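Below you'll find the structure, written out as C-alpha cells, and then a few comments.
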Amino acid sequence: MAVWAALGGYVSVTDLRRAVIPRRAVWPAGSAVALLLGAAAVTGGEPARFGWALGTAAAVAVALEAVWRLRPDWMGYGDVRLIVVNSLLAGWWGPAWALWALTAGALAQWPAALVALARHGRDAKVRWAPGLVAGTAAVVAVRLWAEGPAP
C-alpha cells in the first residue's frame with residue numbers, strides 16, 4: 001500500500017500542476033503493487049485473492065479502454081491507467097470494491113469538476129487524479145478497518 005500511496009501522491013500533484021498522469025510512474029508502481037500483492041497472496045496462502053485482484057483490474061481495463069476508444073474526450077488515458085492500478089489494489093477485497101473505489105473517487109472530485117464547468121463551460125478539463133486517489137484511499141481504509149489486509 002505504501003507503493004500505491006506514493007504513486008497516488010505523485011500523480012495527484014503532477015495532474016494538478018501539469019494536467020498529466022505520467023505513465024512512467026503509473027506502470028512501474030502498478031507492477032510493484034501487483035508483485036507485492038502476489039507475494040502477499042502466496043505467503044498468506046490465498047492465491048485466489050490475487051487472482052481476483054488481477055481479474056478485477058483486467059475487467060476494469062477492458063471496460064475503460066472501450067469507453068476511452070469510443071469517447072476519448074471524456075477522460076485522459078492517464079486516468080484510465082490510474083483507475084486500473086486503483087482497481088488492482090481495491091480488488092484485493094473483491095471485485096465490488098474496485099467499483100466502490102471508482103465511485104468514491106468520482107464523487108470526491110465532483111466539487112472541483114463543477115467549479116471547472118462553471119468557469120470554463122463544456123470545454124472544462126477536470127483533473128481527476130486527486131479524487132480518484134482519495135476515493136480509493138477511503139475504500140482501502142474502510143476495508144482495512146473492517147476486515148484487515150485479508151478478510
Side-chain angles (χ1 to χ4, degrees), residues 1-16 19-114 116 125-151:
M1 290 190 214
V3 171
W4 176 85
L7 169 68
Y10 176 73
V11 298
S12 293
V13 169
T14 304
D15 195 22
L16 289 172
V20 104
I21 298 174
R23 75 173 166 267
R24 290 185 180 139
V26 175
W27 289 142
S31 298
V33 168
L35 182 66
L36 292 167
L37 287 176
V42 169
T43 58
E46 296 190 51
R49 177 170 305 288
F50 182 59
W52 277 110
L54 283 179
T56 299
V60 167
V62 168
L64 288 178
E65 179 74 24
V67 169
W68 187 79
R69 296 270 177 203
L70 294 173
R71 297 297 306 254
D73 54 325
W74 281 6
M75 69 180 135
Y77 205 75
D79 298 319
V80 171
R81 289 187 288 263
L82 179 60
I83 293 167
V84 169
V85 175
N86 291 350
S87 298
L88 176 67
L89 181 63
W92 178 257
W93 288 275
W97 294 105
L99 296 176
W100 281 113
L102 179 57
T103 302
L107 290 173
Q109 201 61 24
W110 273 12
L114 291 174
K125 300 294 182 199
V126 178
R127 295 177 174 146
W128 288 98
L132 294 171
V133 169
T136 302
V139 166
V140 167
V142 166
R143 298 316 312 149
L144 285 171
W145 177 74
E147 298 182 29

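Everything numeric in this text was worked out from a predicted model, so none of it was measured.
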Hey, what do you get for [atom1] ([X]) to [atom2] ([Y]), rounding to the nearest 0.5 Å?
X      : Y      : atom1 : atom2 : answer
Trp68  : Met75  : CH2   : CE    : 10.0 Å
Leu144 : Trp93  : CG    : CH2   : 4.5 Å
Ile83  : Leu132 : CD1   : CG    : 5.0 Å
Leu102 : Trp128 : CG    : CH2   : 9.5 Å

Donor-acceptor contacts under 3.5 Å from residues 50-66 side chains, at least two apart:
unit_1 : atom_1 : unit_2 : atom_2 : d
Thr56  : OG1    : Trp52  : O      : 2.7
Glu65  : OE1    : Tyr77  : OH     : 2.4
Glu65  : OE2    : Arg69  : NE     : 2.7
Glu65  : OE2    : Arg69  : NH2    : 2.8

Compare every heavy atom of [Y] with every heavy atom of [X], then report the nearest pair and how far apart it is.
X      : Y      : result
Val85  : Gly30  : CG2-CA, 3.8 Å
Lys125 : Ala116 : O-CB, 4.4 Å
Gly131 : Ala108 : O-CB, 3.9 Å
Ala98  : Gly91  : CB-N, 4.4 Å

Under the criterion side chain to side chain contact (heavy atoms under 4.5 Å, CB included), which of [options] is the partner of [X]?
X     : options              : answer
Asn86 : Leu82, Leu88, Val84  : Leu82
Trp4  : Leu37, Leu36, Thr136 : Thr136
Ile21 : Val80, Thr14, Val11  : Val11

Between the main-chain N or O of [Y] and the side-chain N or O of [X], is there a donor-acceptor pair closer than 3.5 Å?
X      : Y      : answer
Trp92  : Pro149 : yes
Asp79  : Gly76  : yes
Arg127 : Leu16  : yes

* Could you tell me whether the side chain of Val3 reaches within less than 4.5 Å of the side chain of Leu7, counting heavy atoms only? => no
